[in-house]
Amino acid sequence: MLNPCLCGSGRPFDDCCGPHLSARTIAPTAEALMRSRYSAFATGQADYLLATWHPTTRPATLTLEPGLRWLGLKILSTEAGGATDQEGWVTFVARSKLQGRAQRLQERSRFVREHGRWFYLDGELG
């Protein structure tokens with residue numbers, strides 16, 4: 001497969017997160033938004049992260065950690081978050097490495113859909 005997606009879906013990047021990151025399409029589900037946000041972190045696209053963060057919880061600016069290398073995403077569960085839902089949760093583990101030291105982030109993220117678009121609202125660290 002050419003250029004597998006960074007989110008671990010097993011699909012090509014151009015058929016998975018790529019269209020969302022380039023604003024050609026919007027993520028149809030909370031899980032698709034979660035995956036595209038992971039890909040945005042992995043490729044350093046802070047603008048996409050801010051644009052998909054709900055305005056009520058979005059920081060004014062976002063500085064990504066220099067030298068942080070994202071190694072993989074595993075979706076543990078999804079609750080609601082479908083194309084017709086207004087709210088959804090995605091529990092995931094994201095692995096990264098910074099200055100040779102492995103890191104693991106587990107979060108249960110909450111997403112809301114407004115005017116047909118999904119937004120990251122907040123999350124609970126696991």
L33/F111 under side-chain contact (heavy atoms from CB on, under 4.5 Å): CA gap, chis, key distance, verdict: CA-CA 9 Å; L33 182 61; F111 297 87; 3.8 Å; yes
Pairing residues for D85 by the side chain to side chain contact (heavy atoms under 4.5 Å, CB included) criterion, not counting sequence neighbours: A80, W118
Residue list, ring-ring contact (aromatic ring centres under 6.0 Å, His included) with W70, at least two apart or on another chain: Y38, F41
Residues, nucleotides or ligands: over 12 heavy atoms within 6.0 Å of Q99 CD: no
Worked check of side-chain contact (heavy atoms from CB on, under 4.5 Å) between Q86 and V112: CA-CA 6 Å; Q86 299 304 308; V112 293; over 6 Å; no
Side chain to side chain donor-acceptor pair (under 3.5 Å) assessment of S96 paired with R69: CA-CA 5 Å; S96 62; R69 191 166 51 103; over 6 Å; no
Check: L105 and V93 side chains under 4.5 Å, non-hydrogen atoms: no
Hphob cluster co-occupancy, L121 + W89, side-chain heavy atoms under 4.5 angstrom: no
Pairwise side-chain contact, V90 with I75, heavy-atom cut-off 4.5 Å (strictly under): yes
Verdict with reasoning, C7 to S36, per side-chain contact (heavy atoms from CB on, under 4.5 Å): CA-CA 7 Å; C7 78; S36 68; over 6 Å; no
Pairs involving residues 100-110, ordered by first then second residue, that meet salt bridge (charged side-chain N to carboxylate O under 4.0 Å, His left out) (sequence neighbours left out): E79-R108, E87-R110, R110-D122
E114 CD to T56 OG1 distance, which is reported to the nearest 0.5 Å: 7.5 Å
Separation between OG1 of T25 and NE2 of H20, rounded to the nearest 0.5 Å: 4.5 Å
Modelled atom types, side-chain donor and acceptor of R35 and S9, under 3.5 Å: no
Minimum heavy-atom distance between L68 and L98, given as atom pair plus value: N-CD1, 3.7 Å
Cluster overlap L64 with Y48, hydrophobic side-chain contacts below 4.5 Å: yes
Nearest atoms (heavy-atom pairs only) where C16 meets P19: O-CD, 3.5 Å
Connected via hydrophobic side-chain network under 4.5 Å: L125 and M34: yes
Which atom of P59 lies closest to which atom of L50, heavy atoms considered: O-CD2, 3.6 Å
Side chain to side chain donor-acceptor pair (under 3.5 Å) evaluation trace for Y120 with S109: CA-CA 7 Å; Y120 169 77; S109 296; 4.7 Å; no
Audit row: L76, Q106, side-chain contact (heavy atoms from CB on, under 4.5 Å) steps and yes/no: CA-CA 9 Å; L76 301 178; Q106 182 170 336; 3.7 Å; yes
Close side-chain approach of P4 to F13, heavy-atom, < 4.5 Å: no
Inter-residue atom distance R37.CZ - L21.CG, 0.5 Å rounding: 11.0 Å
Taking every non-hydrogen atom, the tightest pair across T29 and A83: CG2-N, 4.2 Å
